[in-house]
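Notes to accompany the following structure.
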2 protein chains.
Amino acid sequence: MPKKCNFIEKLREVGLRPTKQRVKMCEVLYNREKTFHFTINDLVKLLSEKMNQKISLATVYNTVHAFERKGYLKEISIDSHKSYFDTNTSAHHHFFDEDTHELIDCDESDIDKINIRKNITGKKINSVEVLVRVASDNQTQK
Amino acid sequence: MPKKCNFIEKLREVGLRPTKQRVKMCEVLYNREKTFHFTINDLVKLLSEKMNQKISLATVYNTVHAFERKGYLKEISIDSHKSYFDTNTSAHHHFFDEDTHELIDCDESDIDKINIRKNITGKKINSVEVLVRVASDNQTQK
DNA sequence: ATCTACATTATAATAATTCTAAACTGTTGA
DNA sequence: TCAACAGTTTAGAATTATTATAATGTAGAT
């Protein structure tokens, strides 16, 4: 469990100034056992309610994006109305629970390596992401 | 190439009233050889510019969603700021060109069948989607 | 301690989407 | 054929997520 000073170090390492707000956000995001999936809204709530940190919405956006640029966070595309972020920045896949709107990580061992046979000329592959949508077994299907 | 009356039939079959606007939209969407990927914005432009159909933005949204509910269209999650739709409603994967923001279909043969070893108790798999992000070979990477 | 560049803030602006309420139009069945 | 109703369309307002702006604050180097 890293403590405050470690975050200050870490932030400095990637060239981000360890401001009060950024350190606080690190604590919320990385002081946990499992990886964390969240929307900006989730994060603002956590900061204001649990951490008692009054923080401007704009700062949360700016800082999340700064973290993303520096490889601290990864954005996940699931639905077109909200941005989801993931503290696990390694290449991995996801389950998305359509009932609860929860994201669940997929271990590498859960899905075989994806083999892509098609080539787009002049383009290289940046990433390959699998999204498995799940829902309650007894739910009406579209 | 289906003509107007076929669309009227088709709409009726799934329980949608064949209104002027819906038939026009069918013509734009399905009178083509290849499957078509688009945003709401693209569609509005096509309708107003190419088809000379003045149509309310709200109607386009309503109708696209009606089509989606009825299985005429599929939504694709790529980026969190716009909704992309696909006239190919069968299970298939995509390439997304990050330079041009273009979607390209993947044939079934392009990617091996995805084998998922993890189970979420009480949940069943609704869909498995692979998104392959590609970009120009000489582009700076994040 | 002071300076400067970068951060934060409140607020305004923008963009995508949804809502609303009134007007309109397929469809049904008398 | 036509009235009546339910489903549609429409313009515009409202909402939601996000980004821009401009003033103020602060970390870090000198």
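Residue numbering restarts at 1 for every chain, and letters A, B, ... go by the order of the sequence lines.
A:Lys10 forms a cation-pi arrangement with A:Tyr30, by the criterion of a distance under 6.0 Å to the ring centre and an angle within 45° of the ring axis.
Atom CZ of A:Phe96 sits about 11.0 Å away from atom CD of B:Glu129, to the nearest 0.5 Å.
Across all strands, A:Thr39 comes closer than 4.0 Å to no nucleic acid atom at all (heavy-atom distances). Among the atoms of the strands shown, only primed sugar atoms or phosphate atoms (P, OP1, OP2) are found under 4.0 Å from some heavy atom of B:Lys82. B:Leu57 comes within 4.0 angstrom of a nucleotide base, judged by non-hydrogen atoms across all strands.
Closest to the side chain of A:Asn41, from the set C:dT9, D:dA17, D:dA11, is D:dA17. With distances taken from any side-chain atom of B:Thr19 to the nucleotides D:dA11, C:dA7, D:dT9, the minimum falls on D:dT9. Here D:dT8 is the nucleotide among D:dA20, D:dT19, D:dT8 with the atom lying nearest to any side-chain atom of B:Arg22. Of the candidate nucleotides D:dA11, C:dT8, D:dT9, D:dT9 has the atom nearest to the side chain of B:Asn62. Proximity note for A:Arg17 (side chain, C-beta onward) versus D:dT10, D:dT8, D:dT26: the nearest is D:dT26. Taking every side-chain heavy atom of A:Pro18 into account, D:dA27 is the closest of D:dA27, C:dT8, C:dT17. With D:dT18, D:dG12, C:dT11 as the choices, the nucleotide that has an atom nearest any side-chain atom of A:Ala58 turns out to be C:dT11. The side chain of A:Tyr61 has D:dT18 as its nearest neighbour among D:dT18, D:dT10, C:dT18.
Spacing between atom CG of B:Asp42 and atom P of C:dA15 amounts to 16 Å, rounded to whole angstrom units. Taking atom CG of residue A:Leu43 and atom P of nucleotide D:dT18, one finds them 12 Å apart after rounding to whole Å. Rounded to whole Å, the distance from CZ on B:Phe7 to P on C:dG26 is 18 Å. One atom, NZ of B:Lys54, and another, C1' of D:dG12, lie 12 Å apart when rounded to the nearest Å. With rounding to whole Å, B:Leu11 atom CG is found 14 Å from D:dG7 atom C1'. Computed from coordinates, the A:Lys20 NZ to D:dG28 C1' distance equals 16 Å when rounded to whole Å. When the P atom of C:dT25 is taken as reference, atom CZ of B:Arg12 falls 17 Å away, rounded to whole Å. One interatomic measurement links the two molecules: NZ of A:Lys70 to P of C:dC6, which rounds to 11 Å at whole-angstrom precision.
Close to D:dT9, at under 4.0 Å from its OP1 or OP2, lies no side-chain N or O of B:Ser56. Phosphate contact (OP1/OP2 of D:dT26, side-chain N/O of A:Gln21, threshold under 4.0 Å): absent. Contact annotation: A:His65 side-chain N/O to D:dT18 OP1/OP2 distance is not under 4.0 Å. Under 4.0 angstrom from either OP1 or OP2 of C:dT8 there lies at least one side-chain N or O belonging to A:Thr63. Look at A:Ser83 and you'll find a side-chain N or O under 4.0 angstrom from OP1 or OP2 of D:dT18.
At distances below 3.5 Å, not a single donor-acceptor pair connects side-chain atoms of A:Arg12 with backbone N or O atoms of A:Pro18. No donor-acceptor pair closer than 3.5 Å links the side chain of A:Thr87 to the backbone N or O of A:Leu29.
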Please table the atom pairs, donor to acceptor, closer than 3.5 Å between any side-chain atom in residues 45-58 of chain A and protein atoms at least two apart or in another chain.
from, atom 1, to, atom 2, distance (Å)
A:Ser48, OG, A:Val44, O, 3.2
A:Ser48, OG, A:Lys45, O, 3.3
A:Ser56, OG, A:Ala58, N, 3.2

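Not counting sequence neighbours, A:Thr121 has no partner by the side-chain contact (heavy atoms from CB on, under 4.5 Å) test.
For the pair B:Ile40 and A:Leu16, nearest-nucleotide mapping onto DNA chain C gives the more 5' position to A:Leu16.
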